[in-house]
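Quick notes on the structure that follows.
Reminder, nothing fancy here: chain letters follow the sequence lines and each chain counts from 1. Both backbone and side-chain heavy atoms feed into the values below; hydrogens, waters and symmetry mates do not.
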There are 2 protein chains.
Amino acid sequence: MTKKSSKTSHPRRRSAAILDAAAEVFAARGFHGASTQDIADVLGIKQASLYYYFPSKEVALEEVCLRGAEGHLERAVSIAAAPDTARDKIGRLIEAHLSPLLDRRAYVRTFLNERQYLPTESRQRIGRVSRAYEKLIEDVLKSGIRSGEFRHDLDCRLAALGLLALVNAVAAWYGKEPKASLDRIVAEFARLYLGGVGGTRSAGPRAKR
Amino acid sequence: MTKKSSKTSHPRRRSAAILDAAAEVFAARGFHGASTQDIADVLGIKQASLYYYFPSKEVALEEVCLRGAEGHLERAVSIAAAPDTARDKIGRLIEAHLSPLLDRRAYVRTFLNERQYLPTESRQRIGRVSRAYEKLIEDVLKSGIRSGEFRHDLDCRLAALGLLALVNAVAAWYGKEPKASLDRIVAEFARLYLGGVGGTRSAGPRAKR
DNA sequence: TGAAAATTCTATAGACCTATAGGTGAAATC
DNA sequence: GATTTCACCTATAGGTCTATAGAATTTTCA
(Lines give C-alpha, C1' and ligand atoms only; values in the text may rest on other atoms or scores of the structure.)
Protein backbone atom coordinates (compact mmCIF):
# COMPACT_ATOMS: atom_id res chain seq x y z
CA MET A 1 0.00 0.00 0.00
CA THR A 2 1.22 3.43 -0.80
CA LYS A 3 1.04 5.89 2.00
CA LYS A 4 1.06 9.28 0.50
CA SER A 5 -1.17 11.25 2.80
CA SER A 6 0.83 14.02 4.28
CA LYS A 7 1.02 14.04 8.01
CA THR A 8 1.34 17.63 8.92
CA SER A 9 3.22 18.98 11.82
CA HIS A 10 0.56 20.65 13.86
CA PRO A 11 -1.39 18.31 16.08
CA ARG A 12 -4.39 20.61 16.00
CA ARG A 13 -4.54 20.38 12.26
CA ARG A 14 -4.81 16.64 12.15
CA SER A 15 -7.32 16.48 14.98
CA ALA A 16 -9.39 19.05 13.19
CA ALA A 17 -9.29 17.05 9.98
CA ILE A 18 -10.43 13.96 11.84
CA LEU A 19 -13.31 15.88 13.37
CA ASP A 20 -14.21 17.37 10.01
CA ALA A 21 -14.48 13.89 8.56
CA ALA A 22 -16.63 12.74 11.46
CA ALA A 23 -18.90 15.75 11.05
CA GLU A 24 -19.32 15.14 7.33
CA VAL A 25 -20.15 11.48 7.80
CA PHE A 26 -22.50 12.11 10.73
CA ALA A 27 -24.27 14.81 8.76
CA ALA A 28 -24.61 12.64 5.67
CA ARG A 29 -25.62 9.33 7.21
CA GLY A 30 -26.73 10.11 10.74
CA PHE A 31 -24.94 9.06 13.89
CA HIS A 32 -26.27 5.51 13.98
CA GLY A 33 -26.06 5.11 10.22
CA ALA A 34 -22.43 6.16 10.19
CA SER A 35 -19.76 3.63 11.01
CA THR A 36 -16.28 4.44 12.20
CA GLN A 37 -15.20 2.65 9.05
CA ASP A 38 -17.01 5.30 6.98
CA ILE A 39 -15.12 8.05 8.77
CA ALA A 40 -11.80 6.29 8.34
CA ASP A 41 -12.51 5.84 4.62
CA VAL A 42 -12.92 9.59 4.19
CA LEU A 43 -9.52 10.10 5.77
CA GLY A 44 -7.81 7.22 4.02
CA ILE A 45 -6.75 5.56 7.24
CA LYS A 46 -7.73 2.35 9.00
CA GLN A 47 -10.80 2.22 11.20
CA ALA A 48 -8.92 1.44 14.38
CA SER A 49 -6.61 4.42 13.88
CA LEU A 50 -9.45 6.74 14.71
CA TYR A 51 -9.28 5.67 18.32
CA TYR A 52 -6.02 7.50 18.65
CA TYR A 53 -8.06 10.71 18.37
CA PHE A 54 -11.18 9.93 20.36
CA PRO A 55 -12.04 7.23 22.89
CA SER A 56 -15.45 6.42 21.43
CA LYS A 57 -17.80 7.26 18.63
CA GLU A 58 -20.09 8.93 21.13
CA VAL A 59 -17.36 11.28 22.24
CA ALA A 60 -16.74 12.18 18.62
CA LEU A 61 -20.41 13.07 18.33
CA GLU A 62 -20.13 15.21 21.43
CA GLU A 63 -17.25 17.17 20.01
CA VAL A 64 -18.94 17.65 16.67
CA CYS A 65 -22.16 18.82 18.29
CA LEU A 66 -20.25 21.13 20.57
CA ARG A 67 -18.65 22.84 17.63
CA GLY A 68 -21.96 22.94 15.82
CA ALA A 69 -23.56 24.86 18.65
CA GLU A 70 -20.49 26.88 19.56
CA GLY A 71 -20.96 30.60 19.85
CA HIS A 72 -24.63 30.67 18.99
CA LEU A 73 -25.85 31.65 22.44
CA GLU A 74 -22.99 34.07 23.03
CA ARG A 75 -23.62 35.93 19.80
CA ALA A 76 -27.33 36.07 20.49
CA VAL A 77 -26.77 37.42 23.98
CA SER A 78 -24.61 40.22 22.68
CA ILE A 79 -27.14 41.06 19.98
CA ALA A 80 -29.99 41.12 22.46
CA ALA A 81 -28.01 43.36 24.80
CA ALA A 82 -27.37 46.01 22.17
CA PRO A 83 -29.38 49.22 22.11
CA ASP A 84 -31.15 48.49 18.83
CA THR A 85 -34.77 48.15 17.91
CA ALA A 86 -36.35 44.73 18.30
CA ARG A 87 -36.74 44.53 14.54
CA ASP A 88 -33.06 45.10 14.05
CA LYS A 89 -32.25 42.54 16.68
CA ILE A 90 -34.37 39.92 14.94
CA GLY A 91 -32.55 40.59 11.69
CA ARG A 92 -29.18 40.27 13.33
CA LEU A 93 -30.22 37.15 15.19
CA ILE A 94 -31.17 35.54 11.90
CA GLU A 95 -27.90 36.52 10.33
CA ALA A 96 -25.85 35.37 13.30
CA HIS A 97 -27.73 32.11 13.48
CA LEU A 98 -27.14 31.29 9.85
CA SER A 99 -23.57 32.48 9.46
CA PRO A 100 -21.96 29.26 10.77
CA LEU A 101 -23.42 27.49 7.75
CA LEU A 102 -20.74 29.15 5.69
CA ASP A 103 -17.86 27.30 7.27
CA ARG A 104 -19.31 24.63 9.55
CA ARG A 105 -22.36 23.27 7.81
CA ALA A 106 -21.71 19.62 8.63
CA TYR A 107 -21.21 20.47 12.29
CA VAL A 108 -24.41 22.46 12.44
CA ARG A 109 -26.41 19.79 10.67
CA THR A 110 -25.06 17.13 12.98
CA PHE A 111 -25.90 19.24 15.98
CA LEU A 112 -29.45 19.81 14.77
CA ASN A 113 -30.24 16.27 13.72
CA GLU A 114 -28.11 14.03 15.89
CA ARG A 115 -27.86 15.76 19.24
CA GLN A 116 -30.77 13.63 20.43
CA TYR A 117 -28.42 10.64 20.38
CA LEU A 118 -25.88 12.19 22.70
CA PRO A 119 -25.37 10.50 26.06
CA THR A 120 -27.68 11.76 28.75
CA GLU A 121 -25.40 14.23 30.42
CA SER A 122 -24.21 16.18 27.43
CA ARG A 123 -27.67 16.03 25.91
CA GLN A 124 -29.12 17.69 28.96
CA ARG A 125 -26.38 20.27 29.06
CA ILE A 126 -27.07 21.18 25.46
CA GLY A 127 -30.79 21.18 26.21
CA ARG A 128 -30.29 23.86 28.82
CA VAL A 129 -28.37 26.03 26.40
CA SER A 130 -31.04 25.57 23.75
CA ARG A 131 -33.74 26.63 26.16
CA ALA A 132 -31.77 29.71 27.10
CA TYR A 133 -31.50 30.53 23.42
CA GLU A 134 -35.24 30.15 22.93
CA LYS A 135 -35.94 32.29 25.95
CA LEU A 136 -33.67 34.99 24.65
CA ILE A 137 -35.63 35.13 21.41
CA GLU A 138 -38.87 35.28 23.34
CA ASP A 139 -37.50 38.18 25.35
CA VAL A 140 -36.59 40.11 22.23
CA LEU A 141 -40.10 39.52 20.94
CA LYS A 142 -41.60 40.72 24.21
CA SER A 143 -39.49 43.85 24.13
CA GLY A 144 -40.71 44.43 20.60
CA ILE A 145 -44.27 44.26 21.80
CA ARG A 146 -43.59 46.74 24.56
CA SER A 147 -41.95 49.11 22.14
CA GLY A 148 -44.90 48.86 19.79
CA GLU A 149 -42.94 47.26 17.00
CA PHE A 150 -44.77 43.94 17.20
CA ARG A 151 -48.40 42.96 17.61
CA HIS A 152 -49.73 43.02 21.13
CA ASP A 153 -51.43 39.67 20.72
CA LEU A 154 -48.31 37.94 19.45
CA ASP A 155 -47.74 34.56 21.06
CA CYS A 156 -44.06 34.97 21.87
CA ARG A 157 -43.44 31.32 22.59
CA LEU A 158 -44.88 30.15 19.29
CA ALA A 159 -43.29 33.02 17.44
CA ALA A 160 -39.89 32.09 18.86
CA LEU A 161 -40.39 28.49 17.85
CA GLY A 162 -41.43 29.76 14.44
CA LEU A 163 -38.27 31.76 14.04
CA LEU A 164 -36.15 28.76 15.01
CA ALA A 165 -38.11 26.60 12.60
CA LEU A 166 -37.32 29.00 9.78
CA VAL A 167 -33.63 29.35 10.40
CA ASN A 168 -32.91 25.77 11.39
CA ALA A 169 -34.49 24.43 8.23
CA VAL A 170 -31.91 26.27 6.17
CA ALA A 171 -29.18 23.85 7.23
CA ALA A 172 -31.08 21.09 5.48
CA TRP A 173 -31.04 22.67 2.04
CA TYR A 174 -28.41 25.38 2.06
CA GLY A 175 -26.03 24.63 -0.78
CA LYS A 176 -28.62 22.71 -2.75
CA GLU A 177 -30.81 25.67 -3.62
CA PRO A 178 -28.94 27.15 -6.54
CA LYS A 179 -30.23 30.69 -6.34
CA ALA A 180 -30.10 31.07 -2.59
CA SER A 181 -26.96 32.67 -1.20
CA LEU A 182 -26.80 33.05 2.54
CA ASP A 183 -27.22 36.80 2.28
CA ARG A 184 -30.30 36.38 0.20
CA ILE A 185 -31.80 33.86 2.59
CA VAL A 186 -31.07 36.09 5.55
CA ALA A 187 -32.70 39.07 3.87
CA GLU A 188 -35.74 37.20 2.65
CA PHE A 189 -36.40 35.33 5.88
CA ALA A 190 -35.94 38.46 7.96
CA ARG A 191 -38.45 40.23 5.82
CA LEU A 192 -40.80 37.26 5.86
CA TYR A 193 -40.65 36.96 9.59
CA LEU A 194 -41.00 40.63 10.30
CA GLY A 195 -43.60 41.49 7.72
CA GLY A 196 -45.05 38.24 6.49
CA VAL A 197 -45.79 37.26 3.01
CA GLY A 198 -48.42 39.87 2.43
CA GLY A 199 -48.68 43.59 2.81
CA THR A 200 -47.24 46.27 0.65
CA ARG A 201 -45.30 47.94 3.37
CA SER A 202 -41.81 48.94 2.44
CA ALA A 203 -38.78 46.92 3.27
CA GLY A 204 -35.91 48.25 5.29
CA PRO A 205 -36.97 50.85 7.84
CA ARG A 206 -40.29 49.93 9.19
CA ALA A 207 -43.42 51.69 8.14
CA LYS A 208 -46.26 52.02 10.56
CA ARG A 209 -49.52 51.38 8.89
CA MET B 1 -45.36 -3.28 -5.39
CA THR B 2 -45.87 -6.21 -3.11
CA LYS B 3 -48.45 -5.75 -0.46
CA LYS B 4 -48.94 -8.26 2.27
CA SER B 5 -51.53 -10.85 1.44
CA SER B 6 -54.81 -10.13 3.12
CA LYS B 7 -55.76 -12.19 6.08
CA THR B 8 -59.16 -13.27 7.25
CA SER B 9 -61.93 -11.28 8.83
CA HIS B 10 -59.85 -8.75 10.77
CA PRO B 11 -56.55 -8.79 8.96
CA ARG B 12 -55.79 -5.11 9.28
CA ARG B 13 -55.97 -4.81 13.05
CA ARG B 14 -52.83 -6.63 14.03
CA SER B 15 -50.84 -5.41 11.06
CA ALA B 16 -51.75 -1.88 11.99
CA ALA B 17 -50.59 -2.39 15.56
CA ILE B 18 -47.28 -3.75 14.30
CA LEU B 19 -46.82 -0.74 12.07
CA ASP B 20 -47.78 1.61 14.88
CA ALA B 21 -45.05 0.10 17.01
CA ALA B 22 -42.51 0.44 14.22
CA ALA B 23 -43.51 4.06 13.69
CA GLU B 24 -43.16 4.87 17.37
CA VAL B 25 -39.75 3.27 17.63
CA PHE B 26 -38.47 4.78 14.37
CA ALA B 27 -39.68 8.20 15.47
CA ALA B 28 -38.10 7.90 18.90
CA ARG B 29 -34.72 6.39 18.05
CA GLY B 30 -34.27 6.90 14.34
CA PHE B 31 -34.24 4.16 11.74
CA HIS B 32 -30.65 3.10 12.29
CA GLY B 33 -30.86 3.55 16.03
CA ALA B 34 -33.93 1.36 16.25
CA SER B 35 -33.53 -2.40 16.34
CA THR B 36 -36.19 -4.88 15.41
CA GLN B 37 -35.81 -6.05 18.99
CA ASP B 38 -36.96 -2.63 20.18
CA ILE B 39 -40.08 -2.88 18.05
CA ALA B 40 -40.81 -6.38 19.25
CA ASP B 41 -40.42 -5.25 22.87
CA VAL B 42 -43.12 -2.62 22.40
CA LEU B 43 -45.45 -5.32 21.14
CA GLY B 44 -44.45 -7.93 23.68
CA ILE B 45 -43.50 -10.48 21.05
CA LYS B 46 -40.21 -12.02 19.95
CA GLN B 47 -37.96 -10.22 17.51
CA ALA B 48 -38.18 -12.86 14.80
CA SER B 49 -41.98 -12.79 14.91
CA LEU B 50 -41.93 -9.40 13.25
CA TYR B 51 -40.84 -11.01 10.03
CA TYR B 52 -44.25 -12.53 9.74
CA TYR B 53 -45.51 -9.02 9.04
CA PHE B 54 -42.76 -7.51 6.90
CA PRO B 55 -39.89 -8.99 4.94
CA SER B 56 -37.30 -6.50 6.12
CA LYS B 57 -36.76 -3.52 8.39
CA GLU B 58 -36.38 -1.35 5.31
CA VAL B 59 -39.79 -2.33 4.04
CA ALA B 60 -41.26 -1.46 7.41
CA LEU B 61 -39.71 1.98 7.06
CA GLU B 62 -41.22 2.30 3.60
CA GLU B 63 -44.69 1.55 4.87
CA VAL B 64 -44.34 3.91 7.81
CA CYS B 65 -43.08 6.72 5.60
CA LEU B 66 -45.82 6.08 3.10
CA ARG B 67 -48.48 6.51 5.74
CA GLY B 68 -46.67 9.55 7.08
CA ALA B 69 -46.89 11.26 3.72
CA GLU B 70 -50.27 9.87 2.73
CA GLY B 71 -52.84 12.34 1.56
CA HIS B 72 -50.70 15.44 1.94
CA LEU B 73 -50.34 16.17 -1.75
CA GLU B 74 -53.92 15.22 -2.54
CA ARG B 75 -55.34 17.54 0.09
CA ALA B 76 -53.07 20.33 -1.03
CA VAL B 77 -54.09 19.92 -4.65
CA SER B 78 -57.74 20.17 -3.79
CA ILE B 79 -57.13 23.26 -1.66
CA ALA B 80 -55.14 24.93 -4.39
CA ALA B 81 -57.85 24.17 -6.94
CA ALA B 82 -60.61 25.82 -4.91
CA PRO B 83 -61.85 29.31 -5.81
CA ASP B 84 -60.56 30.97 -2.68
CA THR B 85 -58.17 33.81 -2.12
CA ALA B 86 -54.49 32.95 -1.90
CA ARG B 87 -54.50 33.99 1.74
CA ASP B 88 -57.28 31.56 2.52
CA LYS B 89 -55.49 28.84 0.65
CA ILE B 90 -52.33 29.34 2.67
CA GLY B 91 -54.33 29.08 5.86
CA ARG B 92 -56.00 25.90 4.73
CA LEU B 93 -52.71 24.45 3.52
CA ILE B 94 -51.23 24.99 6.94
CA GLU B 95 -54.19 23.38 8.63
CA ALA B 96 -54.24 20.44 6.24
CA HIS B 97 -50.51 19.95 6.59
CA LEU B 98 -50.63 19.84 10.37
CA SER B 99 -53.82 17.84 10.87
CA PRO B 100 -52.16 14.41 10.53
CA LEU B 101 -50.20 15.20 13.68
CA LEU B 102 -53.37 14.55 15.60
CA ASP B 103 -53.53 10.86 14.83
CA ARG B 104 -50.29 9.92 13.07
CA ARG B 105 -47.55 11.90 14.71
CA ALA B 106 -45.02 9.07 14.82
CA TYR B 107 -45.61 8.32 11.14
CA VAL B 108 -45.15 11.95 10.17
CA ARG B 109 -42.03 12.35 12.26
CA THR B 110 -40.54 9.21 10.79
CA PHE B 111 -41.35 10.41 7.31
CA LEU B 112 -39.73 13.77 7.93
CA ASN B 113 -36.59 12.55 9.67
CA GLU B 114 -35.94 9.08 8.32
CA ARG B 115 -37.07 9.15 4.72
CA GLN B 116 -33.50 9.87 3.71
CA TYR B 117 -32.64 6.31 4.69
CA LEU B 118 -35.17 4.71 2.38
CA PRO B 119 -33.81 2.55 -0.41
CA THR B 120 -33.08 4.48 -3.57
CA GLU B 121 -36.22 3.78 -5.48
CA SER B 122 -38.81 4.70 -2.88
CA ARG B 123 -36.69 7.63 -1.76
CA GLN B 124 -36.73 9.02 -5.27
CA ARG B 125 -40.45 8.40 -5.64
CA ILE B 126 -41.10 10.29 -2.43
CA GLY B 127 -38.72 13.02 -3.58
CA ARG B 128 -40.82 13.61 -6.66
CA VAL B 129 -43.97 13.94 -4.58
CA SER B 130 -42.23 16.35 -2.22
CA ARG B 131 -41.13 18.51 -5.10
CA ALA B 132 -44.64 18.59 -6.48
CA TYR B 133 -45.86 19.69 -3.07
CA GLU B 134 -43.31 22.48 -2.94
CA LYS B 135 -44.20 23.60 -6.42
CA LEU B 136 -47.86 23.71 -5.52
CA ILE B 137 -47.10 26.05 -2.65
CA GLU B 138 -45.00 28.21 -4.92
CA ASP B 139 -47.87 28.39 -7.36
CA VAL B 140 -50.28 29.51 -4.68
CA LEU B 141 -47.81 32.20 -3.70
CA LYS B 142 -47.46 33.33 -7.30
CA SER B 143 -51.20 33.53 -7.68
CA GLY B 144 -51.30 35.62 -4.53
CA ILE B 145 -48.83 38.02 -6.07
CA ARG B 146 -50.88 38.31 -9.23
CA SER B 147 -54.01 38.98 -7.22
CA GLY B 148 -52.24 41.67 -5.24
CA GLU B 149 -52.53 39.83 -1.96
CA PHE B 150 -48.80 39.25 -1.61
CA ARG B 151 -45.75 41.43 -2.18
CA HIS B 152 -44.59 41.70 -5.75
CA ASP B 153 -40.99 41.17 -4.78
CA LEU B 154 -41.68 38.01 -2.81
CA ASP B 155 -39.22 35.22 -3.55
CA CYS B 156 -41.71 32.41 -4.01
CA ARG B 157 -39.18 29.63 -3.80
CA LEU B 158 -37.74 30.82 -0.51
CA ALA B 159 -41.16 31.69 0.81
CA ALA B 160 -42.39 28.17 0.02
CA LEU B 161 -39.38 26.68 1.77
CA GLY B 162 -40.10 29.01 4.66
CA LEU B 163 -43.66 27.80 4.95
CA LEU B 164 -42.53 24.19 4.92
CA ALA B 165 -39.91 24.99 7.52
CA LEU B 166 -42.58 26.43 9.79
CA VAL B 167 -45.06 23.61 9.53
CA ASN B 168 -42.61 20.73 9.47
CA ALA B 169 -40.94 21.90 12.65
CA VAL B 170 -44.19 21.44 14.52
CA ALA B 171 -43.88 17.67 14.35
CA ALA B 172 -40.75 17.92 16.46
CA TRP B 173 -42.37 19.60 19.45
CA TYR B 174 -46.12 19.15 19.10
CA GLY B 175 -47.32 17.50 22.27
CA LYS B 176 -44.45 18.85 24.33
CA GLU B 177 -45.50 22.47 24.26
CA PRO B 178 -48.15 22.56 26.96
CA LYS B 179 -50.09 25.58 25.80
CA ALA B 180 -50.04 24.85 22.11
CA SER B 181 -53.04 23.01 20.75
CA LEU B 182 -53.02 22.27 17.05
CA ASP B 183 -55.70 24.83 16.40
CA ARG B 184 -53.71 27.45 18.18
CA ILE B 185 -50.56 26.59 16.28
CA VAL B 186 -52.41 26.67 12.98
CA ALA B 187 -53.93 30.06 13.73
CA GLU B 188 -50.73 31.60 15.02
CA PHE B 189 -48.52 30.30 12.24
CA ALA B 190 -50.99 31.30 9.56
CA ARG B 191 -51.07 34.78 10.97
CA LEU B 192 -47.29 34.85 11.33
CA TYR B 193 -46.73 33.70 7.79
CA LEU B 194 -49.31 35.97 6.24
CA GLY B 195 -48.66 39.08 8.24
CA GLY B 196 -45.37 38.62 9.99
CA VAL B 197 -44.57 39.44 13.52
CA GLY B 198 -45.17 43.13 13.21
CA GLY B 199 -48.07 45.35 12.22
CA THR B 200 -51.64 44.81 13.33
CA ARG B 201 -53.04 44.35 9.89
CA SER B 202 -51.81 44.22 6.40
CA ALA B 203 -52.98 45.46 3.08
CA GLY B 204 -55.30 43.39 1.00
CA PRO B 205 -57.91 40.93 2.24
CA ARG B 206 -57.61 40.64 5.97
CA ALA B 207 -56.98 37.51 7.90
CA LYS B 208 -59.81 36.18 9.96
CA ARG B 209 -59.66 36.67 13.66
C1' DT C 1 22.10 11.22 14.87
C1' DG C 2 19.37 9.05 18.05
C1' DA C 3 15.83 9.12 21.52
C1' DA C 4 11.22 10.29 22.24
C1' DA C 5 6.75 11.34 20.67
C1' DA C 6 3.20 11.07 17.40
C1' DT C 7 0.67 8.54 14.20
C1' DT C 8 -0.93 4.59 11.88
C1' DC C 9 -0.99 -0.32 11.36
C1' DT C 10 -2.51 -5.52 12.10
C1' DA C 11 -5.30 -8.61 14.38
C1' DT C 12 -9.08 -9.76 16.88
C1' DA C 13 -12.44 -10.11 20.80
C1' DG C 14 -16.96 -9.76 21.63
C1' DA C 15 -21.32 -7.53 21.32
C1' DC C 16 -25.23 -6.81 18.63
C1' DC C 17 -28.24 -7.14 14.73
C1' DT C 18 -30.93 -8.77 10.67
C1' DA C 19 -32.98 -12.41 8.67
C1' DT C 20 -33.96 -17.46 7.78
C1' DA C 21 -35.65 -22.19 8.86
C1' DG C 22 -38.63 -24.86 10.77
C1' DG C 23 -41.81 -25.95 14.71
C1' DT C 24 -46.19 -25.30 17.77
C1' DG C 25 -50.70 -24.46 19.29
C1' DA C 26 -55.04 -22.28 18.46
C1' DA C 27 -58.55 -20.66 15.48
C1' DA C 28 -60.99 -20.87 11.23
C1' DT C 29 -62.79 -23.53 7.59
C1' DC C 30 -64.41 -27.44 5.21
C1' DG D 1 -63.25 -34.13 13.02
C1' DA D 2 -59.76 -33.22 9.83
C1' DT D 3 -57.29 -29.83 7.50
C1' DT D 4 -55.68 -25.50 6.59
C1' DT D 5 -54.32 -20.97 8.01
C1' DC D 6 -52.75 -17.70 11.37
C1' DA D 7 -49.77 -15.85 14.62
C1' DC D 8 -46.45 -16.66 17.08
C1' DC D 9 -42.29 -19.46 18.90
C1' DT D 10 -37.02 -21.40 19.27
C1' DA D 11 -32.62 -21.57 17.48
C1' DT D 12 -29.12 -19.87 14.96
C1' DA D 13 -26.38 -18.53 10.82
C1' DG D 14 -23.91 -14.93 9.21
C1' DG D 15 -22.85 -10.24 8.97
C1' DT D 16 -21.40 -5.76 10.90
C1' DC D 17 -19.79 -2.90 14.31
C1' DT D 18 -17.12 -0.83 18.27
C1' DA D 19 -13.21 -0.97 20.74
C1' DT D 20 -8.66 -2.91 22.62
C1' DA D 21 -3.78 -4.53 22.45
C1' DG D 22 0.37 -4.13 20.85
C1' DA D 23 3.59 -3.63 16.93
C1' DA D 24 5.45 -0.72 13.23
C1' DT D 25 6.40 3.50 11.08
C1' DT D 26 7.07 8.31 10.68
C1' DT D 27 8.09 12.84 12.61
C1' DT D 28 10.08 15.88 15.92
C1' DC D 29 13.73 17.81 18.16
C1' DA D 30 17.52 17.73 21.66
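Between Ile45(B) atom CD1 and dT24(C) atom C1' the separation is 16 Å, expressed in whole Å. Between the P atom of dT8(C) and the NZ atom of Lys46(A) lies a distance of 13 Å, rounded to the nearest Å. Straight-line distance from the CZ atom of Phe54(A) to the P atom of dT8(C): 12 Å, rounded to whole Å. For the pair His32(B) NE2 and dT18(C) P, the computed distance is 11 Å after rounding to whole Å. The nearest whole Å value for the distance from the CD atom in Glu58(B) to the P atom in dG15(D) is 18 Å. Taking atom OH of Tyr52(B) as the reference point, atom P of dA21(C) lies 17 Å away to the nearest angstrom. Distance, Gln47(A) CD to dT12(C) P: 15 Å, rounded to whole Å. Residue Tyr53(A) contributes atom OH, which lies 18 Å from atom P of dA19(D) at whole-angstrom precision.
For the OP1/OP2 pair of dC9(D) and a distance below 4.0 Å, the side-chain nitrogens and oxygens of Ser49(B) include at least one atom meeting the criterion. OP1 or OP2 of dA19(C) has at least one side-chain nitrogen or oxygen of Tyr51(B) nearer than 4.0 Å.
Within the nucleic acid shown, Ala34(A) comes within 4.0 Å of sugar-phosphate atoms alone, with no base atom in reach, counting heavy atoms only.
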Verdict with supporting geometry, Phe189(B) and His97(B), ring-ring contact (aromatic ring centres under 6.0 Å, His included) | CA-CA 12 Å; Phe189(B) 275 16; His97(B) 189 98; over 10 Å; no
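Between the side chain of Glu149(B) and the backbone N or O of Thr85(B) there is no donor-acceptor pair closer than 3.5 Å.
Of the listed nucleotides (dT18(C), dT18(D), dT20(D)), dT20(D) has the atom at the smallest distance from the side chain of Ala48(A).
When Glu63(A), Glu62(A), Arg115(A) are each tested for a side chain to side chain contact (heavy atoms under 4.5 Å, CB included) with Ser122(A), only one passes: Glu62(A).
Using a 4.0 Å cut-off between charged nitrogen and carboxylate oxygen, Asp155(A) and Lys179(B) do not count as a salt-bridge pair.
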